[in-house]
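Numbering of residues begins at 1 and proceeds along the displayed sequence. Both counts, for ligands and for their atoms, begin at 1 and track the order of listing.
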Amino acid sequence: MTEPKIDSRRLWDGHMAMAEIGPSPGGGTARLALTDFDREARHLFRRWAEEAGCAVRVDGIGNIFARREGEDPGHPPVMTGSHLDTQPLGGPFDGIYGVLAGLEVVRALNDAGIATRLPIEVVDWTDEEGARFGAGCLGSNVFAGRRALDNTLALTDAHGNTVRGELERIGYAGPKPVGGFPIDCFFEIHIEQGPILENEGIQVGAVEGAQASTGYWVTVTGEEGHAGTLPMALRRDAMHGSARMIDAVVNVAMDFDPHPVITVGHLRVRPNSRNTIPGQVTFSIDSRHPDNDILASAGAAMRAACETIAEDRGLELEIEQTSHRDSVVFDPGCVQTIRDAAAARGISCRDIYSGAGHDAINLSHVCPAGMIFVPCEKGVSHNEAENAKPEDLAAGAEVLLHAILARAGRA
Ligand SMILES: [Zn+2]
């Protein structure tokens with residue numbers, strides 16, 4: 001029996017060719033969704049898929065599906081893919097790898113003359129990054145029924161262009177409906193966008209799930225006053241109180257094991273003048289943890305810490321929860337298939353959690369889904385310096401190939 005083989009060179013060259021479409025000033029990639037550059041990248045993917053013998057179709061939100069037929073065409077397909085759009089200052093691997101690795105799996109099966117029982121579909125999901133129309137994962141959200149199609153088509157960018165208009169302009173407004181058909185399973189391969197695999201010298205992560213996340217606005221109100229005349233004992237300084245709260249909030253992370261990640265990244269100060277005692281400060285909290293209950297406990301601890309400080313300093317406090325996403329657990333069968341594929345190929349693998357959002361999270365609501373991570377240099381992503389090693393990309397694609405084969409079955 002011929003063994004299919006990932007062509008590391010071909011996979012790498014594909015990334016370099018895609019990276020030329022929408023180059024950014026600092027050597028990265030600037031390919032926002034539904035721009036002329038996105039159209040060019042889509043055309044290239046489409047051409048490569050057709051050259052590999054796939055039938056290509058586009059749905060009503062612009063998702064592109066490249067199908068390698070199975071011996072049993074009536075059976076739901078094994079699906080894989082990610083996205084070709086990037087951040088305004090992005091790199092050549094975030095998303096692109098997931099599409100090109102899927103294509104490489106098809107090419108490797110073709111080269112080895114292997115037919116599969118189930119069809120295989122490689123997908124480019126529309127606008128994963130959310131950098132243009134104010135919401136992310138548009139294509140996979142609509143596909144999974146988690147966003148309405150019409151409302152998504154009506155979203156506008158900063159210049160008033162709609163998703164519908166831009167899809168039509170670039171020639172990727174396919175026929176409705178979107179989704180609504182059965183899928184055997186979905187695998188997405190992606191760079192980790194964090195440092196864990198690289199630090200541990202491990203080539204592949206079997207992603208168990210994605211973290212829960214909760215966001216808050218905290219508003220601390222005191223009273224403005226003259227910086228030179230109001231004695232310290234009489235002040236209600238919203239900045240000083242907030243500084244103590246921020247320190248306490250971030251330290252809450254250390255009280256839980258494993259730690260949640262807690263970030264205070266945005267601050268608004270009233271009146272923001274160097275010689276007025278600040279009367280009001282609003283700061284953001286972004287908190288994430290794989291366990292919903294631990295994240296909720298951390299949220300309660302942050303709230304209690306802020307209340308104690310507010311009372312101590314005579315400040316008013318208002319805490320508003322602005323966002324919440326429950327954690328997602330990927331299908332145990334898909335995760336095990338990924339672990340087994342790595343073990344069978346002698347590729348080092350560890351379980352890992354995703355700190356970021358991905359299309360696979362949406363797909364997990366409509367079919368069994370799993371993700372594979374590979375290391376990227378220093379964990380850097382959403383950055384022009386984003387980089388990865390050809391051998392790691394190839395090892396990940398090898399695991400993807402064998403995970404897909406395990407599900408699709410040799411004919
Ligand atoms: Zn991505």
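Our summary of the site lists the angle at the Zn ion (ligand 1) between NE2 of H190 and NE2 of H83 as 120°, to the nearest 10 degrees.
A donor-acceptor contact under 3.5 angstrom links the side chains of T126 and R42, judged on distance only.
Ionic pairing of E50 and R47 is not present here: no N-O contact between side-chain nitrogen and carboxylate oxygen is shorter than 4.0 angstrom.
Considering every non-hydrogen atom in both Y353 and P290, the closest pair reads CE2-CB, 3.5 Å.
Centroid-to-centroid, the aromatic rings of F330 and H358 stay 6.0 Å apart or farther.
Not one N/O/S atom of H358, from backbone or side chain, sits under 2.8 Å from the Zn ion (ligand 1). Under 2.8 Å from the Zn ion (ligand 1) lies an N/O/S atom of D94, whether from backbone or side chain.
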